[in-house]
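For clarity, every value in this text was computed on a predicted model and none was experimentally measured. Every number for a ligand or one of its atoms is a count from 1 in the order of the listing.
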Amino acid sequence: MKQTKIAIIGPGSLGILFATRIWQQFQNVAILDYKKERAERLASKGLTLIEQGETEIRAFPMVSTEPRHIGEQDFVLVLVKAFQTEAIVDSLRSLCGPKTLVISLQNGIGAGDIIAKEVSDGNLALGVTMHGANKNDEGTAIHAGSGLTILGKYQPGPLRDDRLLQFARILETAGFQSEVVQDIYPFLWKKLLVNVGINPITAITGLKNGQILNYSHLLAIQEQAVREGFEVMLRLGKDIGMDFQQLLDFVRQVCKDTGDNISSMLQDRLRGGPTEIDFINGAVVRLARKAGLSVPVNETLCHLVEFYSEVSG
Ligand code: PAF
């Protein structure tokens with residue numbers, strides 16, 4: 001029987017989390033990395049996932065910088081940072097055949113549109129995962145939090161896609177609770193608005209997610225940023241099934257639940273690299289322009305985060 005082939009693009013913390021757990025069940029997993037020497041080290045050392053309770057999972061997927069060596073896959077899971085998407089789209093030509101399903105589990109809004117330039121709408125799915133992982137060393141990640149992974153087609157619709165259902169089953173077998181929905185966009189928006197209200201504030205202040213709750217000035221900025229994003233979403237005709245107050249309460253609950261987390265954007269800033277601001281608050285700014293709304297708080301947050309990337313980059 002033909003073995004299902006799965007490639008994961010990006011050996012970051014989530015890439016390691018998904019690759020190790022899927023490899024444990026299916027073995028036929030390959031990782032595409034863009035750093036040659038790191039890829040060689042990972043191919044010989046393998047990957048390690050430290051689960052809660054400190055158990056370790058080791059995995060030895062193929063790791064290559066050369067998409068042609070990996071070849072055509074059944075599934076390609078994109079887990080690079082949103083700002084790296086442009087740099088990896090070309091590799092999809094070698095990884096994808098007519099039946100390959102590409103799934104992006106990236107943060108923010110916009111990465112899927114970049115992938116859609118290379119992959120037909122019917123072969124593209126987007127998702128949101130509540131799993132959190134932190135990178136320890138190269139090739140090692142710590143599984144920081146669990147939750148649901150929700151998947152849906154790039155073009156929402158009632159048609160069921162057996163490949164997406166099969167992918168959800170693969171994730172389930174690998175221990176990721178998963179659900180396929182007809183319209184992924186409300187879930188993407190809800191996650192986006194959480195990130196809008198947490199990530200730039202932590203990146204600017206250096207605070208952990210939970211510490212935002214201790215400062216009334218930061219809570220005021222958070223409320224305004226989330227409100228602007230919520231209004232853009234309403235203007236675009238999207239609905240997340242929550243009113244503004246419920247959304248704000250949810251954002252604050254996430255601050256509490258992930259209180260000790262160093263947000264992904266603060267991690268990027270501390271590394272001195274670029275951040276996903278352009279796909280989070282920057283996406284709100286772009287969509288607001290289209291909708292004829294002004295979002296000054298989100299614009300200011302973008303400038304401040306970009307400033308920090310510039311001075312520390
Ligand atoms: O980007 C992140 O860090 C996460 O999405 C979240 C929910 C803010 C938790 O740290």
Side-chain angles (χ1 to χ4, degrees), residues 10 12-18 52 78-85 104-112 126-136 141-151 176-177 184-215 218-219 221-223 225-226 229-230 233 240 242 246-271 273-284 298 301-302 304-306 308-309:
S13 49
L14 280 182
I16 295 171
L17 168 67
F18 279 88
Q52 280 148 356
V78 183
L79 277 170
V80 292
K81 292 274 180 184
F83 55 80
Q84 293 167 328
T85 314
S104 156
L105 282 183
Q106 298 163 279
N107 264 343
I109 283 191
L126 306 176
V128 177
T129 185
M130 302 304 163
H131 283 270
N134 298 317
K135 204 149 158 191
N136 202 9
I142 301 170
H143 194 178
S146 296
L148 192 58
T149 298
I150 305 168
L151 305 165
F176 300 101
Q177 200 196 344
I184 189 69
Y185 289 91
F187 298 93
L188 289 176
W189 267 99
K190 190 167 161 192
K191 175 94 190 284
L192 177 81
L193 294 174
V194 167
N195 291 134
V196 158
I198 298 179
N199 294 30
I201 296 175
T202 54
I204 292 162
T205 59
L207 295 177
K208 290 185 173 176
N209 296 354
Q211 292 175 304
I212 297 177
L213 300 171
N214 301 334
Y215 298 96
L218 300 181
L219 288 174
I221 296 172
Q222 179 180 72
E223 178 169 346
V226 175
F230 185 72
M233 182 198 78
I240 52 171
M242 282 179 165
Q246 288 168 322
L247 172 65
L248 191 62
D249 291 345
F250 179 67
V251 173
R252 301 214 159 136
Q253 192 58 45
V254 175
C255 286
K256 216 172 175 180
D257 294 345
T258 63
D260 274 336
N261 273 31
I262 297 178
S263 79
S264 54
M265 196 175 285
L266 177 55
Q267 288 183 46
D268 289 339
R269 213 209 102 190
L270 295 173
R271 261 196 298 271
T275 69
E276 293 184 309
I277 190 76
D278 207 32
F279 293 82
I280 297 176
N281 304 74
V284 170
N298 279 279
L301 290 171
C302 288
L304 284 168
V305 172
E306 295 289 12
Y308 278 116
S309 297

* Sidechain N-carboxylate O distance under 4.0 Å for Arg252, Asp249 -> no

* Structure fact -> Tested for side chain to side chain donor-acceptor pair (under 3.5 Å) against Asn209, the lone hit among Asn199, Thr258, Asp257 is Thr258

* Using distance alone, determine whether Asn195 and ligand 1 share an N or O pair under 3.5 Å. => yes

* Less than 4.5 Å apart, any side-chain heavy atom of Phe279 and any of Gln106? -> no

* Structure fact -> atom 9 (C) of ligand 1 sits nearest the protein heavy atom Asn209 ND2, 3.3 Å

* Asked: What atoms of ligand 1 come closer than 4.0 angstrom to any heavy atom of Ser263?
  -> 3 (O), 10 (O)

* To do: Please state whether the rings of Phe176 and Phe18 are parallel, tilted or perpendicular, taking 30° and 60° as the class boundaries.
  => parallel

* Heavy-atom distance to atom 7 (C) of ligand 1: which of Asn199, Thr129, Val254 wins? -> Val254

* Structure fact -> Heavy-atom closest pair (Ser264 atom, Glu276 atom, distance to 0.1 Å) is OG-OE1, 4.4 Å

* **For atom 1 (O) of ligand 1, closest protein heavy-atom neighbour** => Ser264 OG, 2.6 Å

* Contacting atoms of ligand 1, where contact means under 4.0 angstrom from a heavy atom of Asn107 -> 1 (O)

* **Side chain Thr149, main chain Thr129, donor-acceptor under 3.5 Å** => no

* Looking only at heavy atoms, is any part of Lys191 under 4.0 Å from ligand 1, and if so is it the side chain, the backbone, or both, or is it neither? -> side chain

